[in-house]
There are 2 protein chains.
Amino acid sequence: MHGTNNLDDLDKAILKTLMEDARRPYAEMAKQFDVSPATIHVRIEKMKAAGIIEGTEVVVNTKKLGYDVCCFIGINLYAARDYHSALEKLNALDEVVEAYYTTGAYNIFVKLMCRSIEELQHVLIDKLQAIEEVQSTETLISLQNPISRNVNP
Amino acid sequence: MHGTNNLDDLDKAILKTLMEDARRPYAEMAKQFDVSPATIHVRIEKMKAAGIIEGTEVVVNTKKLGYDVCCFIGINLYAARDYHSALEKLNALDEVVEAYYTTGAYNIFVKLMCRSIEELQHVLIDKLQAIEEVQSTETLISLQNPISRNVNP
DNA sequence: GGTGAAAAGGCTATGTA
DNA sequence: TACATAGCCTTTTCACC
């Protein structure tokens, strides 16, 4: 299982279903795909064992939790070699929900979720830019997230 | 439920648990949080009704599905008013897994998942930059994704 | 590798405090 | 509002094809 994989159409159909509803009953999928519930079960177990299915999670409406502000921040470090220590400090910030090590204009690229513009300002100035490895940042505020989905198996 | 919400500690504890494992048995949570399984059930139903819990999904290892390349692309349009038609065309591309309407350097910011650098090149040149509304793009290739989590309820 | 039926286990509704 | 219980539905197992 390195790069290419050997999922057949049934595997892919099951995976696609579960990527939209992790609790879809096996019996329903069995009817839909014209196999037995036991087969659905076996296929799912195989994909778990192969590490393709890593787990399940609930989808949460972050706005309803009060997180109204989403933004991306490109970070430049004084020295590229400080990547690991900078990352450790970023990891300690709850507001940092994603981080990427990137080529191009920035050393690190992060996604931030905050409860308000005031909080964003606070996080940016007092937490993020206070990290000693950080030389400069560039902020991209997201006003809308019209596409949000996963890859096609 | 507008912005601030009124989740108590039990709600938050349940939510945090389900955000890591949507199928955690109610009985286990009940034991852990020292309430009855029925109470767990009631709290979850309430959060569903409030729209805080929107659904469930399996977590998929995209690398094992063959998607090795992840990148962000900042898109500039000739005219900002073409946002909607450009977005429609982006939405038709399977490789575009996220899109954001942003302030700052770009009109639209997207996340792309591809199977290889060759495919990225193909998508970028023949699909993305072929969209007539697109004036220019800037690509940020992600080599690593060391932080990936959700907000703290 | 797939099936069907039976066993095990988790979820949900109800009645009660 | 929370609890305990019981019924129901889903998952899992297993012998067989």
Side-chain angles (χ1 to χ4, degrees), chain A residues 1-62 64-66 150-153, chain B residues 1-66 149-153:
Chain A
M1 206 70 67
H2 37 90
T4 58
N5 59 65
N6 42 13
L7 298 181
D8 67 12
D9 288 345
L10 178 57
D11 294 322
K12 287 181 187 171
I14 293 170
L15 199 51
K16 232 172 168 173
T17 302
L18 293 179
M19 281 164 78
E20 277 163 24
D21 177 7
R23 310 189 63 151
R24 177 75 62 86
Y26 294 7
E28 269 183 44
M29 285 191 273
K31 213 175 281 178
Q32 191 179 347
F33 304 138
D34 206 33
V35 290
S36 75
T39 298
I40 302 288
H41 176 244
V42 170
R43 297 303 189 99
I44 291 175
E45 288 305 308
K46 244 181 231 173
M47 290 192 279
K48 278 186 195 163
I52 292 168
I53 294 177
E54 293 186 330
T56 62
E57 58 184 26
V58 292
V59 180
V60 164
N61 186 321
T62 49
K64 295 232 163 117
L65 284 180
N150 216 320
V151 297
N152 225 5
Chain B
M1 206 70 65
H2 37 87
T4 57
N5 59 64
N6 42 13
L7 299 181
D8 66 13
D9 288 346
L10 178 58
D11 294 322
K12 287 180 188 173
I14 293 170
L15 199 51
K16 233 172 168 172
T17 302
L18 294 179
M19 283 163 78
E20 277 162 24
D21 178 7
R23 311 191 62 151
R24 177 74 62 88
Y26 293 9
E28 270 184 42
M29 285 191 273
K31 214 174 281 179
Q32 192 180 346
F33 304 138
D34 207 32
V35 292
S36 76
T39 299
I40 301 289
H41 175 243
V42 170
R43 297 305 188 97
I44 292 175
E45 288 305 308
K46 242 181 233 174
M47 289 192 279
K48 278 187 195 164
I52 292 169
I53 294 177
E54 294 186 330
T56 63
E57 59 183 24
V58 291
V59 180
V60 164
N61 184 322
T62 49
K63 269 207 181 138
K64 295 233 163 117
L65 284 180
R149 60 191 178 201
N150 216 320
V151 298
N152 225 6

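- Picking from D:dT10, C:dG4, C:dG10 the nucleotide with the shortest atom distance to the side chain of A:Pro25 gives D:dT10.
- Out of D:dT11, C:dT3, C:dG1, the shortest distance to the side chain of A:Arg43 is found at C:dG1.
- Residue-to-nucleotide proximity on DNA chain D shows that, of B:Arg23 and B:Asp8, the 5′-proximal contact is made by B:Asp8.
- Look at CD on A:Glu28: it is 11 Å from C1' on D:dT10, rounded to the nearest Å.
- Using a 4.0 Å heavy-atom distance criterion, B:Val35 is classed as a sugar-phosphate-only contact.
- The interatomic distance linking A:Lys31 (NZ) with D:dT11 (C1') rounds to 16 Å, in whole Å.
- Taking atom CG on B:Asn6 and atom P on D:dT1, their separation rounds to 11 Å, with Å as the unit.
- Taking every heavy atom of both residues into account, A:Met47 and A:Asp11 meet most closely at CE-O, 3.6 Å.
- At whole-Å resolution of the value, CG in B:Asp34 and P in D:dA4 are 10 Å apart.
- Of the two residues contacting DNA chain C, namely B:Ala27 and A:Lys46, the nearest-nucleotide position lying further toward the 5' end is that of A:Lys46.
- The NZ-P distance, from B:Lys48 to C:dT12, rounds to 6 Å in whole Å.
- Listed nucleotides: D:dC3, D:dT11, C:dG4. Nearest to the side chain of A:Ser36: C:dG4.
- Whole-Å rounding puts the A:Ile44 CD1 to C:dG2 P distance at 13 Å.
- Counting only heavy atoms from C-beta outward, the side chains of A:Met29 and A:Pro37 never approach each other to under 4.5 Å.
- When distances run from any side-chain atom of A:His41 to the nucleotides D:dT12, C:dA13, C:dG1, the shortest one goes to D:dT12.
- At a threshold of 4.5 Å between non-hydrogen side-chain atoms, the residues B:Ile52 and A:Asn61 do not count as touching.
- Here the C1' atom of nucleotide D:dT10 and the CG atom of A:Asp21 are 13 Å apart, to the nearest Å.
- Closest to the A:Thr39 side chain, of the nucleotides C:dT12, C:dA13, C:dG2, is C:dG2.
- We find that CG of A:Leu7 is positioned 14 Å from P of C:dG1, with the value rounded to whole Å.
- When side chains are defined from C-beta on, B:Thr39 does not count as touching B:Phe33, because their heavy atoms never get closer than 4.5 Å.
- Using a cut-off of 4.0 Å between Lys/Arg side-chain N and Asp/Glu carboxylate O, A:Glu45 and A:Lys48 are scored as salt-bridged.
- Each of D:dT1, C:dG4, D:dT12 was ranked by its minimum atom distance to the side chain of A:Glu45; first place goes to D:dT12.
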